[in-house]
Amino acid sequence: MGNGLRIVNDARVSGPDVLRGNRTWSLSVSAPREVLMFRYRRRALASARALDQAVNSQLACVAKLPEDARRRSADHLAELVGLARAYRAYAKGWISYRELESRGRIATARLSHLRAPHPAAAHLTERD
């Protein structure tokens with residue numbers, strides 16, 4: 001059938017009716033591509049909202065941090081905002097799933113780099 005519906009008579013799907021000794025029929029629905037794309041887009045928007053909520057919940061805390069910690073935290077939050085933007089672009093169909101994956105890998109690498117300890121720069125003093 002061309003409408004995405006098909007009837008299945010398969011023991012793996014429905015299993016045999018043990019009491020009566022015959023098989024049961026089940027209905028398997030395969031969703032059209034447009035419906036599947038809508039699900040992916042809806043999930044992408046939900047992910048973007050979750051990232052936005054995480055950023056918004058941390059903004060007040062960032063303002064109370066010392067200068068060096070504030071800068072690092074702001075960089076972390078900026079990466080999350082960029083990732084949320086990528087999810088929205090995917091949801092709108094502006095970028096492909098591969099591009100979304102690529103941007104996610106880049107954001108993860110940047111976050112890992114920011115998280116890694118960096119030795120403090122040596123303070124140079126003038127000798128007399």
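Hydrogens, waters and symmetry mates are skipped; everything else that's a heavy atom, side chains included, is used. The shown structure was predicted, so the numbers you read here are calculated from the model rather than taken from an experiment.
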What closest approach, in Å, do [X] and [Y] show between heavy atoms, and which atom pair accounts for it?
X   : Y   : result
R88 : R49 : NH2-N, 4.5 Å
A84 : A48 : O-CB, 3.7 Å
C61 : S57 : SG-O, 4.4 Å

Qualifying residue, where the test is side chain to side chain contact (heavy atoms under 4.5 Å, CB included) with L65 and the options are R71, R72, R70: R70
Spatial distance of atom [atom1] ([X]) from atom [atom2] ([Y]) [nearest 0.5 Å]:
X    : Y    : atom1 : atom2 : answer
R103 : R110 : CZ    : CZ    : 10.5 Å
L80  : L111 : CG    : CG    : 5.5 Å
H113 : D75  : NE2   : CG    : 9.5 Å
S73  : K64  : OG    : NZ    : 13.5 Å

Hphob cluster co-occupancy, V81 + I106, side-chain heavy atoms under 4.5 angstrom: no
Transitive ILVMFWY side-chain link L45 to L83, under 4.5 Å: no
Over 12 foreign heavy atoms within 6.0 Å of CZ, R85: no
Side-chain donor/acceptor of S102 to backbone N/O of R98, under 3.5 Å: no
Residue pair Y87 / L100, side-chain heavy-atom distance below 4.5 Å: yes
Y90 side chain near Y40 side chain, heavy-atom distance below 4.5 Å: yes
